[in-house]
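Letters A, B, ... mirror the listed sequences (proteins, then strands); counts begin at 1.
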2 protein chains.
Amino acid sequence: MAVQLTDTTQPDQVLGLRERKKRRTRDALVEAAHQLFLEQGYARTTVDEIAAAVDVSQRTFFRYFANKDEVALAILADAEDHFVANLRERPADENPLRALRRAIVLTWRELGTARHDRPSSITAALELIQLIESTPTLLAAHLRRITEQEQIVAGILAEREGLDPATDLRPRVMAAVFGGVLRSAHLSWSAENESTETENSGSEAMINLIERHFDQLGPALAGDWHGR
Amino acid sequence: MAVQLTDTTQPDQVLGLRERKKRRTRDALVEAAHQLFLEQGYARTTVDEIAAAVDVSQRTFFRYFANKDEVALAILADAEDHFVANLRERPADENPLRALRRAIVLTWRELGTARHDRPSSITAALELIQLIESTPTLLAAHLRRITEQEQIVAGILAEREGLDPATDLRPRVMAAVFGGVLRSAHLSWSAENESTETENSGSEAMINLIERHFDQLGPALAGDWHGR
DNA sequence: TGTCTAATGGCAGAGACTGTCATAAGTTCG
DNA sequence: CGAACTTATGACAGTCTCTGCCATTAGACA
């Protein structure tokens, strides 16, 4: 697969020592930060502590992450990329809403089964969502990232359907609605799992919640709520 | 209306000198901050500058606003309160989606016509939306506030329809969808009005955009996009 | 007018970032 | 293998946001 050219193209797997080292410290920072945030809370953890835990200088920390938010949210970035990839791979004959729904469920399922690279990427992701929901600063940063993702999603939808994203509002509206439903599901999840430790755990609980929220989309928009 | 009791209840209009002074400095801070942010950008404006412009100490600034974000977003807080009030006043026989739509349009129209208290609250609000959309930090803070508002909206909807907010997901989903549509409209607006000065201006342009986005909600969720 | 309460200012300090520069550590090539 | 080059890191120093603390000032109230 990885074709070896002169030296412009970097092989996927065979990274130099330098790159490997960088990746290692980056991973270490993410993990150390995550641990510390869970133990003592986001606000009460200083960047210096995180850096010290990995034995690098504070300056180096800020070369890896633009700010404190970024280390915390790094764990979800992985999942987000997977989601985008999954959405792109959805068959063209699926309607947009279904494609989105399938893609997100599939992403959580993957995260649950596949032993990604880190042992428990789901556990970490779920812990993080809880942390986010209980940390105003983090929530703000997370919401901003989410909306950026929505732009990307809107672009993918427009492309899928062969629409002009500048003219047609549907992709953007759909992406925004999707984002809203997801956030709502996350909120419900973190409300249910408020009690300290991850008990209900498992990606299944989250998937279930997401499905239920999607199911309410039609009924919610229907004129009369008393109908049911 | 305002019944005068012993002294526990503060009359609405007749504020003491102290309260009047406080309100004045608060307003001055908001206005000075807004002006400075527009002139030199959010990041390049320091809190010290804002405080100096109103001739108070930095310490005092932070007694009025928890952080720099808050002064900037204060201008929209007013509009948000109006929206909530408008939503509450919507007739019970209106379905939820329509109630939300009417309430938001009405809010913008009020903001446009009524000479609120400050001369041009719309102008400032629209300028602010543009500033928000082009300032990551502010956008993050704004999104967080928006989601808080969504919780309130969900509560109002549940109450309107006599539903148990803990059980029924529809209010929450609806609030999230509404929030998404609005954000999408704001984004479109700020994209259209990117060019420096407020030209298209007027709340009518924004209202028009909001209506158009709402109109796309049905079509977007409909199975087949090629239908139209 | 005198007391009581609340707003303010000034100061010190923690913590998140950023620019700069010297040093250390990988990479490349002869 | 070692010299020359490139890149990551560390160490400061400095700015800016935000907080706690205490003395001072200025309305409120009797």
Rounding to an integer number of Å, can you tell me how far [X] [atom1] sits from [N] [atom2]?
X	N	atom1	atom2	answer
B:F61	C:dC11	CZ	P	20 Å
A:R26	D:dT9	CZ	P	13 Å
A:E19	C:dT28	CD	P	11 Å
A:D48	C:dG13	CG	P	18 Å
B:R63	C:dT5	CZ	C1'	14 Å
A:Q40	C:dG15	CD	P	11 Å

Within the 3.5 Å criterion, strictly below it, is a donor on [X] or [Y] matched to an acceptor on the partner's side chain?
X	Y	value
A:H34	A:E127	yes
B:Y64	B:T25	yes
B:S188	A:R172	yes

Query raised in the report: Taking the side chain of B:F62 as heavy atoms from C-beta outward, which of D:dT17, D:dT9, D:dA28 is closest to it?
Result: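 Out of D:dT17, D:dT9, D:dA28, the nucleotide with an atom closest to B:F62's side chain is D:dT17.
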Report task. Would you indicate which nucleotide in D:dG10, D:dC21, C:dT27 comes nearest to any side-chain atom of B:R59? Result ->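 Nearest listed nucleotide: D:dC21.
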Report task. Looking at every strand, decide which applies to B:T45 at a 4.0 Å heavy-atom threshold: base, sugar-phosphate, or nothing. Result ->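 Since only primed, P, OP1 and OP2 atoms lie under 4.0 Å of B:T45, the category is sugar-phosphate.
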Query raised in the report: Quick one: does A:Y42's side chain have a donor or acceptor within less than 3.5 Å of a partner on A:S134's backbone?
Result: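 No: the side chain of A:Y42 does not pair with the backbone of A:S134.
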Phosphate-side-chain proximity, [X] and [N], N/O vs OP1/OP2 below 4.0 Å:
X	N	answer
A:K21	C:dA25	no
B:K22	C:dA7	yes
B:T60	C:dT8	no
A:Y64	D:dT9	yes

Query raised in the report: When the nearest nucleotide of DNA chain D is assigned to B:R18 and to B:Q58 on a heavy-atom basis, which residue is associated with the more 5' position?
Result: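 Counting from the 5' end, the first nearest nucleotide belongs to B:Q58.
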Report task. Give me the one residue out of A:I104, A:V177, A:L187, A:I146 that meets side-chain contact (heavy atoms from CB on, under 4.5 Å) with A:L182. Result ->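 By the side-chain contact (heavy atoms from CB on, under 4.5 Å) criterion, A:L182 pairs with just one of A:I104, A:V177, A:L187, A:I146: A:I104.
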Report task. Could you tell me how the ring of A:F214 sits relative to the ring of A:F178: parallel (under 30°), tilted (30 to 60°) or perpendicular (over 60°)? Result ->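 Taking A:F178 first and then A:F214, their aromatic rings sit tilted (interplane angle of 30° to 60°).
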Query raised in the report: Side-chain contact, heavy-atom cut-off 4.5 Å: A:L128 with A:H142?
Result: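 Contact flag for A:L128/A:H142 side chains = no.
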Query raised in the report: To the nearest 10 degrees, what angle separates the axes at the start and end of the helix from C:dT1-D:dA30 to C:dG30-D:dC1, five pairs each?
Result: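 Overall, the helix from C:dT1-D:dA30 to C:dG30-D:dC1 bends by 20° from one end axis to the other.
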Query raised in the report: Per the atom types in the model, does the base of C:dG26 pair as donor or acceptor with the side chain of A:R20 at under 3.5 Å?
Result: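 It does not, because no donor-acceptor pair links the side chain of A:R20 to the base of C:dG26 below 3.5 Å.
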